[in-house]
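Chain letters run A, B, ... following the sequence lines, proteins first and then strands; every chain starts at 1. Note: hydrogens, waters and symmetry copies are ignored here, and every other heavy atom, side chains too, is used.
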2 protein chains.
Amino acid sequence: MRPEIEFSEKQVAIIQAAEKLFAEHGFDGASVRDIAQEADVNVAMISYYFGSKEKLMEAVFEKKSNATRLKVENLIADKTISPLQKVYVLIDDYVDKFIHQQEFHKIMLREQMINKHTPIAALIHELKKRNLESIKTLIAEGQKTGEFKRNIDVILMMTTMVGTVSQMITSQHFYKTLNNMEHMEEMEFQRHMRKRLSTHLKNLFKKMITNE
Amino acid sequence: MRPEIEFSEKQVAIIQAAEKLFAEHGFDGASVRDIAQEADVNVAMISYYFGSKEKLMEAVFEKKSNATRLKVENLIADKTISPLQKVYVLIDDYVDKFIHQQEFHKIMLREQMINKHTPIAALIHELKKRNLESIKTLIAEGQKTGEFKRNIDVILMMTTMVGTVSQMITSQHFYKTLNNMEHMEEMEFQRHMRKRLSTHLKNLFKKMITNE
DNA sequence: CAAAATCAATTAAACGTTTGTTTAGTTTTA
DNA sequence: TAAAACTAAACAAACGTTTAATTGATTTTG
């Protein structure tokens with residue numbers, strides 16, 4: 001296990017600025033000069049503290065992935081709701097998170113697209129593996145109670161969930177013009193997308209995993 | 001309708017080189033110098049003939065999208081197979097194309113991720129809209145024969161198909177290590193992926209669109 | 001018909017910009 | 001006073017694009 005690293009005030013400012021600008025403009029789109037300006041810090045401080053832009057990205061990602069991991073593990077451990085309800089919460093959480101942090105998730109998608117084994121790809125890998133394990137135990141739980149059927153392909157099930165949401169976000173401009181929603185307020189459109197994605201995925205998952 | 005443009009020998013060489021290198025290294029990853037070398041042509045010829053790297057990409061994309069459009073339209077018009085079989089063929093074709101031209105499809109994904117209304121995004125947009133129309137008529141056909149049920153959300157259905165395949169390709173390295181397949185031959189792994197994706201999507205679609 | 005002019009094709013080289021990073025100092029802190 | 005924090009400036013590499021000159025072929029002209 002990695003020891004927790006203490007960050008100074010300026011380091012935190014840099015990480016926050018990076019998180020914001022990476023999320024808004026992507027990894028390549030946010031230059032170190034932009035980030036330094038946003039954090040009100042000299043450009044050289046980024047290399048000084050983090051070594052490189054890439055390492056800075058790792059720090060940002062590590063911060064975010066810890067939160068995600070905890071949330072999923074707490075959901076699985078919850079004894080007050082049924083396995084199917086947990087799956088529904090999982091879907092809603094994922095849809096919400098992706099919609100509200102679109103640009104940041106796009107960075108993750110881009111990073112996974114590269115075949116290179118970058119440190120960031122390794123971190124994403126680690127997070128996904130952990131979450132997949134949690135979800136497998138959740139499915140097993142549902143199978144024990146008889147709610148879920150046998151022979152569920154959990155990996156492809158998750159691939160479909162992540163893929164559907166990603167694709168929806170990725171092609172949202174296409175979706176907008178297709179439904180004459182260009183004029184719609186951004187917030188309203190996000191609510192619409194959230195609802196429609198959630199409904200679609202819950203229907204899909206119910207058919208995939210339950211006995212009728 | 002756009003008039004067909006005649007390309008000289010060198011222009012064709014450039015387009016082919018670009019198609020190859022874009023597919024192997026992505027848009028940013030393939031420099032104009034690399035492309036010029038591959039086509040055995042001076043760097044300046046790219047700007048001279050196509051105006052810019054971006055415009056070159058448009059030419060490459062346009063060439064490819066014509067083939068796709070024709071294939072889908074021919075499938076829909078086929079009177080020898082049932083609507084459900086057509087959907088299955090559609091799935092297989094899409095899975096195959098994506099698997100065999102992974103890097104090129106990644107370019108399309110990246111291009112759609114950018115919110116900017118680039119000319120390439122517009123071309124993708126156009127192609128997708130056309131294909132979506134074809135598929136809607138296919139679904140309507142199946143509904144008329146009673147094979148398919150009413151109230152099918154075609155847009156989200158396609159989002160799930162495209163998204164699932166994209167996500168599988170995008171995270172294939174993760175998938176490999178998860179199943180201890182790092183050692184597997186690339187061709188064999190592709191066959192495996194193709195089969196598993198195809199099966200999963202056909203199951204999914206059958207449940208989504210048919211009455212039982 | 002041959003010479004001259006015109007135009008597209010082609011080239012090597014340079015341009016201008018942007019990028020992440022490093023250097024060589026200076027200031028602050030302990 | 002020594003180490004850490006911080007800075008302005010320069011650096012080096014890569015990129016897409018443009019320039020200016022040359023070649024080759026085709027057309028115009030005398």
Per-nucleotide protein contact string for nucleotides 6-11 of chain D, where B marks a base within reach and S marks sugar-phosphate only (heavy atoms under 4.0 Å, - for neither): BBB-B-
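Under the 3.5 Å distance criterion, the side-chain polar atoms of A:Ser171 are left unmatched by any main-chain donor or acceptor of A:Phe174. The backbone N or O of A:Lys202 lies less than 3.5 Å from no partner atom in the side chain of A:Lys207, so there is not a single donor-acceptor pair. Counting only distance, with no hydrogens or angles, the side chain of A:Glu126 and the backbone of A:Leu123 share no donor-acceptor pair below 3.5 Å.
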Audit row: A:Asn131, A:Glu73, side-chain contact (heavy atoms from CB on, under 4.5 Å) steps and yes/no: CA-CA 8 Å; A:Asn131 285 343; A:Glu73 282 168 3; over 6 Å; no
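Taking the six-membered ring for Trp and thresholds of 30 and 60 degrees, B:Tyr94 and B:His105 have ring planes more than 60 degrees apart, a perpendicular arrangement.
The salt bridge (Lys or Arg N to Asp or Glu O under 4.0 Å) test with B:Lys176 singles out one residue from B:Glu185, B:Glu186, B:Glu182, B:Glu188, and that residue is B:Glu186.
Between its two ends, the helix from C:dC1-D:dG30 to C:dA30-D:dT1 turns its axis by 20°, counting five pairs per end and rounding to 10 degrees.
The side-chain heavy atoms of B:Glu38 and B:Gln16, taken from C-beta on, include no pair separated by under 4.5 Å.
Cation-pi geometry between A:Lys10 and A:Tyr49 is not met: the NZ or CZ atom fails to fall both under 6.0 Å from the ring centre and inside 45° of the normal.
Taking CG of A:Leu109 as the start and CZ of A:Phe98 as the end, the distance is 4.5 Å to the nearest 0.5 Å.
If you take CD1 of B:Ile35 and P of D:dT17, they are 10 Å apart, rounded to a whole angstrom.
When DNA chain C is scanned in the 5' to 3' direction for atoms under 4.0 Å from non-hydrogen atoms of chain B, the outermost contacting nucleotides are C:dA8 to C:dA14.
A salt bridge does not link B:Lys86 with B:Asp78: every distance from a Lys NZ or Arg NE/NH1/NH2 to an Asp or Glu carboxylate oxygen is 4.0 Å or more.
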